[in-house]
Amino acid sequence: MEEAWEASPTGEGPGPTIVLEKHRALSSSPAAHVQLACSPRHCAFPLDGSRLCVWSTRDPSEQLLMLRGHHQSITAVAFGNTEVPLLVCSASQDYVILWNLDDCREKVAQGLTPRGTEMGTRPGKVQSLRFSPDDRMVAVCAGSRVLLLDVAGRGLLAQLQGHRGSVTAAEFCPWQADTVISVSEDRSFKVWDSHAGSLLHCSPVLSAYPLLSLLVDAEHRQVVTGDADGQLWVFSLREGHGFRCLARADLRTERARFCLRRGLALLSPPEGPYGDGKVDTAVPVLSLAPCDLSGVLGPACAPLTAGAVWVGSSEGLLLLLPASCELEAILLFQDFQNLSVQVAGSCALSSGGCQTFCLLSSLFGGQIVLLEVFVDALLRVQPSPGLGRGLSVLASSCVPPTSLLYLGAAGKREAEPDTPKLPSLRGAVKDQPLVFHHQVRSSGYAEAPRATMFSPKTNVKDAGKRPSRVKNSRRCDRDPWERPLPTSLWKWRSSTLGRTAVNCVQFSGDGRRLACGLSDHLSLVLDAELTGTPAVLSGHGGAVSAVSWSHNGRWLLTAAQDSTLKLWVARRAELALTLGAGLISGPVPAAQFYYMDAFILLAAGPEVQLLSFHLDTSKDEIRRYKRRSWGRPVLRLALTGGAEVTSLSAVNDFYSHVLLTAGRNRALEVFDLSTGHSTALVAEAHSRPVHHISQNTGSAFTSQTPHSYNLFATAALGDGVRLWDLRTLRCERRFEGHQARSIPCGLAFSPCGRYVACGSEDRHAYVYDVASGTFSHRLAGHTDTVSAVAFRPSAPQVVTQVLPLCPRRHLVGRDSVRGDWPAGRAGPGWMTRRGQGCPRGWLSRGQGAGVCSERTAAGQGAGVPP
């Protein structure tokens, strides 16, 4: 029982030590469904039913403790949280006994029999025990009750009743000592005030299976719970969040996705009773324990990845990242041929540094083993697919002279014309051809004036120094995104008089103009303040699917479902170039400028095209037939497997070689455009195809750390929004809370990089906090599904577009306009929110929701209904 040996993987040669079986015991009474206890120093379990056995995890030569005091079988064991004195509590149907291990060892050394302290009698069947953070109370889960016992006074402090099933686990809140959380077989969790004995929160039914385990994360203020079917939930415990669900994961699905990404062999289910089918085995969540990976992964570990959770199941151990609910490592018991326990009935975990201790009891026998898992060796055997690739949005070196990016950028600089200098209006002879390129001097039109009759003095300084009446209303803050988030509706505007949907929206780089793509084949260019008459861009034969501003703000790109792409002169709303026939093979779901306006990227069918272009808007009245602007493909890239491209993204504000693509195969693929090859593939990025990719590109009005530009977000129907790190190709966050089940809702990064906004089908726009992993605000006031959002680069404002009505803008610090609104029915595009004391159909101010400011119909002023 004191021997230790290495458990080697099945079918593999010598390698790093991953699992070490340190202790093994055989009990005459099975301990399959008993709560075991494991700490960094000791582990405890029932042996032969009523005896309590305590092992040392650090020093195998330390004397084994056998504690006797129960008359019936022990059903739960738990260690205290303080090291001095080290307490352990055991429970059976007859007694709840508290043991002081230091006193027990002294009595054993003196040849005496150690005795514990009886804290309660006849509690019933106890399934779980838990000490408070200061070891002053013990929570006893007996039946459908949670009994709170006083350690010092040995009495009952409170009795928490309310569950309709047996309570399976309970935890104390570390930062609020009077708060207790419990889970039960009634498939819900409850939050209690132990001091008052009252219920604070009761969750709805989460699953069809009973909840078995519970973990409170004090660092991130969240709680993790799992059920008997392998479902796992993460809830927020932060003040004001209302115990909202942050993420949900299916361990079987995540395990299959993990094996597919890492190239591991998936454990096949066993044969059915008749040999012609497969048995779908369950993955019950037997235990949960925290794990700190900061000392294991080193500098490559992101802050969001450092806090992981060990999940103990009947088949093995899984290392889960609660921020993204994705697996970081898997250890299956069947992969190690020397382990005494292949299927676990109970599990207890304790992690410290690079070592993790796991206490297991067999499901079908009396074997009890203590395993030591080396986390660093496990992660080296199962490395992340992005580690070691050196991927970064910021270019670390110059492109070679043979690269297409080098040739295209150099050609673009050479072809860029100089700014023409206008001749002086006074004293210049305009000797230019007037008719058919012949030098014709008509009646003095090209000659300088012979005499100057009057010349005003324009360089005389004003001695009075009167202030100018015209003031610059545009003030650029030092960092406008240091102010709070947009919370109140300030202004809105309908796109057209009909019910035309707005498909896409984007601000220009200077934040002064806004471009919208409509479903009626038109595009609009508006002032960022949503004032004035918008410029209408027509010419597409299908719905406009993408709009993109150039880096210098001179050009606007629009792409449509009619397999055409058009470039416009932004100032004059004039068409400069049309690309389509013979060049684009299908509808264009995404298109943009790239490499500081040197190229155009577009997705069409199963390929991504890199186009080189030249725009010349000078007019020749004689040779109108001669085409001066042109565009031609320089590179075609196909996704792995020939899947159709659904979205793409690349940085245009600075030089970057990275292209992100998504396809119908539910995968993300990263291309290096300096070499023209694929560099990484993330299989099963979502459960459904990704319909939108948004990168953290920042803006010229705020600054970020260089590593922040490697973050990007993806969205898929029914699978929420996921935040990725390009350096590791690991999902760092999963944003859930909005609804996007049937309509693709777009998303956008804030210029400061701290927030991600997305639309929703519940008539709200959600603004998620990257640090906390949950939404900080819900922008209300919409009348239908919010299909896309866009942040203004120069001010803390966000524009939301609604299907099929209107785009809205939310502004920080603007209070709603007070006063009475004229009665009348709200027409298309108007906000129809009811306020207190307002009849149905009135336009009300509400509480901080903002007001409607103006409408595009002629003859209607701001705030006047039709």
Side-chain angles (χ1 to χ4, degrees), residues 1-5 20-31 34-123 126 129-131 134-136 138 140 149-155 340 346 348 350 352 357-361 366-372:
M1 191 167 60
E2 296 295 332
E3 297 178 355
W5 63 89
L20 189 66
E21 187 171 310
K22 301 190 65 174
H23 298 285
R24 180 177 59 184
L26 182 61
S27 175
S28 60
S29 178
V34 176
Q35 181 193 11
L36 309 178
C38 188
S39 70
R41 294 177 53 189
H42 299 86
C43 64
F45 58 92
L47 188 65
D48 300 333
S50 60
R51 292 190 299 171
L52 181 62
C53 180
V54 180
W55 276 338
S56 174
T57 58
R58 295 183 178 180
D59 188 6
S61 63
E62 189 173 348
Q63 187 176 5
L64 178 67
L65 277 180
M66 298 294 295
L67 306 177
R68 295 175 175 86
H70 291 277
H71 299 289
Q72 297 186 16
S73 298
I74 298 175
T75 57
V77 185
F79 279 108
N81 297 306
T82 59
E83 294 186 359
V84 179
L86 181 58
L87 303 178
V88 60
C89 186
S90 59
S92 62
Q93 290 190 4
D94 52 359
Y95 299 110
V96 177
I97 301 179
L98 181 68
W99 308 85
N100 189 327
L101 292 186
D102 296 334
D103 295 343
C104 292
R105 291 191 182 277
E106 291 181 1
K107 291 183 179 181
V108 170
Q110 296 173 5
L112 303 176
T113 301
R115 296 293 181 182
T117 303
E118 296 180 4
M119 298 181 60
T121 59
R122 301 295 179 180
V126 178
L129 296 171
R130 188 65 61 189
F131 278 87
D134 53 2
D135 288 352
R136 294 184 178 181
V138 177
V140 181
L149 304 181
D150 187 8
V151 173
R154 309 175 189 176
S340 302
S346 297
S350 176
F357 295 99
C358 177
L359 184 63
L360 300 176
S361 64
Q367 293 87 359
I368 300 175
V369 297
L370 177 64
L371 305 180
E372 183 178 2

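Hydrogens, waters and symmetry mates are skipped; everything else that's a heavy atom, side chains included, is used. Numbers for residues simply follow the sequence, beginning at 1.
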Side-chain contact, heavy-atom cut-off 4.5 Å: Cys89 with Val96? yes
Measure the spacing between CG of Leu64 and OG of Ser56 and express it to the nearest 0.5 Å. 10.0 Å
Any side-chain heavy-atom pair from Val151 and Asp135 closer than 4.5 angstrom? no
Ignoring hydrogens, what is the shortest heavy-atom contact between Ser92 and Pro123? Give both atom names and the distance. O-CG, 3.5 Å
Spatial distance of atom SG (Cys358) from atom CD (Glu21) [nearest 0.5 Å]: 11.0 Å
Under 6.0 Å from the CZ atom of Arg115, do we count more than 12 heavy atoms belonging to anything else shown? no
Can any side-chain N or O of Thr75 pair as donor or acceptor with the backbone N or O of Val126 at less than 3.5 Å? yes
Is a side-chain donor or acceptor of Gln35 paired with a backbone partner of Leu129 at a separation under 3.5 angstrom? yes
Working to the nearest 0.5 Å, report the span between CG of Leu98 and CG of Leu87. 5.0 Å
Please check this pair: side chain of Lys22 against backbone of Thr57, looking for a donor-acceptor N/O pair closer than 3.5 Å. yes
Rounded to the nearest 0.5 angstrom, the OG-CG distance for Ser340 and Leu370 is 11.5 Å
Is there a donor-acceptor contact under 3.5 Å from the side chain of Gln93 to the main chain of Gln72? no
Would you name the heavy atoms of Pro114 and Leu67 that are closest together and state the gap between them? CG-CD2, 3.6 Å
Residue pair Ile74 / Ser50: nearest heavy atoms and the distance that separates them: CD1-O, 3.6 Å
Please report the interatomic distance OH(Tyr95) to CZ(Arg122), rounded to the nearest 0.5 Å. 7.0 Å
For the side chain of Ser346 and the backbone of Ser361, is there at least one donor-acceptor N/O pair under 3.5 Å apart? no
Residue pairs meeting salt bridge (Lys or Arg N to Asp or Glu O under 4.0 Å), one or both in residues 39-50, sequence neighbours left out, come to Asp48-Arg51
Distance (rounded to the nearest 0.5 Å) between Trp55 CH2 and Leu65 CG: 13.0 Å
To check you understand the geometry: which heavy-atom pair defines the closest contact between Ser27 and Ser29, and what is its length? OG-O, 2.8 Å
Between Cys104 and Trp99, the two heavy atoms sitting closest are SG-CE3, 4.1 Å
Derivation and outcome, side-chain contact (heavy atoms from CB on, under 4.5 Å), residues Leu101 and Phe79: CA-CA 10 Å; Leu101 292 186; Phe79 279 108; 3.8 Å; yes
Is any side-chain heavy atom of Ile97 less than 4.5 Å from a side-chain heavy atom of His70? yes
For Cys38 and Leu359, the nearest pair of non-hydrogen atoms, with its separation, is CB-CB, 4.5 Å
